[in-house]
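Read through the structure below, which is laid out as structure tokens, and then see the notes.
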Amino acid sequence: MKIAFMGTPEFAVASLKRLVEDGHEIVGVFTQPDKPGNRKQLKMPAVKEYALSKNLPVFQPEKMRGEEPLSLLRSLAPELSVVAAYGQILPEAIIAVPPLGTVNIHASLLPKYRGAAPINRAILDGENETGVTLMYIASRLDAGDMICARRTPILPEDDAETLFARLAGIGAELLSETIPAIAAGTAPRTPQDETRATYAKMLSRELSPIDWSSPAQRVIDHVRGLVPWPCASMLLDGKTVKVWHAERGGATNDAPGTLRASKRGIAAACGDGNCIFVTELQPEGGKRMSASAWLNGKRVSAGTVLA
RNA sequence: CGCGGGAUAGAGCAGUUGGCAGCUCGUCGGGCUCAUAACCCGGAGGUCGAGGGUUCAAGUCCCUCUCCCGCAA
């Protein structure tokens, strides 16, 4: 089948890859323009990198609105458009181009967690289940009719990175399995229950600081929900320290925010009388490292209290 | 020319006004212990990121370069 693909980050690559492996003809890959990455260098989206490696035609319009992208897409004559974390709202005209429609792979169980950061938000909220929904695109954000969905548990040891990877795989699978029905016109269309819709707002750096008055589990969810960006953080000696990984500890009498060095990592007291062990962190200007390595150089005096 | 931090033993760091290169962990050997991720004693391990300059003497001061990281998402 002739398919146009629109996607940008790593999450979308699994689906594009699957389409290629299934033998579909990818008539065009639309992805966001290269953005400044670290220190001046332009960084290309993960999807572009993959597309180039397969010699697929790549297009990076600034906007999908306007005549130019529209006539471009028409000239490619896709039968179906597949969207996965593209990063732009698509105009009606673009959505209407392929005769079989425009479908979207969204990393949540819609109508919950519509929007930009469904995976992270699900973890932050302490959910124990999420999934992927395949849907037809409507003009309103993630509000289109659903075709099918697949659930997966959020395991205690999951963080946003592992969950991203798993959901990307599930999304690719779901897409691959459902395309025949879409082609045959037998794919179901289930409207979303608007009354149960929730939104997953985009992440920002302001979310980083850890609130030590929260219960231990909530702090853990905060840490694992924000990797690899913006990451949970704590302020130590006036310096921001990113927390990459933390584990549950036992009860403590220390006041919330109190730190102690220990074999398992840096024990930090939380608001509910329990503590967590920070096991992996990254100091300002430094590399990501294990807590034990960090403790070798910067000794934390027992009882340091964080804000 | 976007702003800033960094590169010193396998890892993480310290190194004052230039004057014998150090600390913690790990590692190796020995000891102690019913036992240990514990404790004690001892050892190995460094072209101080690269190149040039100043100096009797440079990890340290000056110039150039490379690489890493954070912010700007």
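Protein chains get the first letters and strands the later ones, always in sequence-line order, with residue 1 at the start of each. All values below come from the heavy atoms of this structure, side chains included, with hydrogens, waters and symmetry mates left out.
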Distance check, C1' atoms only: B/G42 and B/C32, in whole angstrom units. 15 Å
With a 4.5 Å cut-off on side-chain heavy atoms, are A/Pro78 and A/Leu73 touching? yes
Provide the Watson-Crick or G-U wobble partner of B/C56, both distances under 3.5 Å; none if there is no partner. B/G19
Taking only the side-chain nitrogens and oxygens of A/Arg205, find out if one of them lies under 4.0 Å from OP1 or OP2 of B/C71. yes
Of A/Ser292 and A/Pro283, the one whose closest nucleotide on RNA chain B sits nearer the 5' end is A/Pro283
Using a cut-off of strictly less than 4.0 Å, decide whether A/Gln282 has a side-chain nitrogen or oxygen near OP1 or OP2 of B/C69. no
B/C71 to B/U36 separation - C1' atoms, rounded to the nearest Å: 45 Å
Any A/Thr102 side-chain heavy atom under 4.5 Å of A/Met6 side chain: no
C1' atoms of B/A44 and B/C61, separation to the nearest Å: 34 Å
Roughly how many Å apart are B/G15 and B/G51, using the C1' atom of each and rounding to a whole number? 24 Å
Whole-Å gap separating P (B/A9) and CG (A/Asn296): 14 Å
Spacing of the P atoms in B/G10 and B/G49 (rounded, Å): 13 Å
Quick one: sort the A/Phe59 and A/Phe30 rings into parallel, tilted or perpendicular, breaks at 30° and 60°. tilted
Suppose you measure atom C1' in B/C65 against the same atom in B/C28; what distance do you get, rounded to whole Å? 39 Å
Looking at the side chain of A/Trp229, which of B/C69, B/U24, B/C71 is the nearest nucleotide? B/C71
Taking atom C1' in both B/U24 and B/A37, compute the distance separating them and give it to the nearest angstrom. 16 Å
Phosphate-side-chain proximity, A/Lys287 and B/C67, N/O vs OP1/OP2 below 4.0 Å: no
Report the residue from A/Glu127, A/Lys201, A/His106 that forms a side chain to side chain donor-acceptor pair (under 3.5 Å) with A/Tyr113. A/Glu127
Taking for each residue the nucleotide of RNA chain B with the nearest heavy atom, is it A/Arg264 or A/Gly286 whose nucleotide lies nearer the 5' end? A/Arg264
Check whether any side-chain heavy atom of A/Leu175 lies under 4.5 Å from a side-chain heavy atom of A/Arg18, and answer yes or no. no
Considering Watson-Crick and G-U wobble pairs with both distances under 3.5 Å, what does B/C71 pair with? B/G2
Taking only the P atom of each, what is the distance from B/G46 to B/C39 in whole angstrom? 27 Å
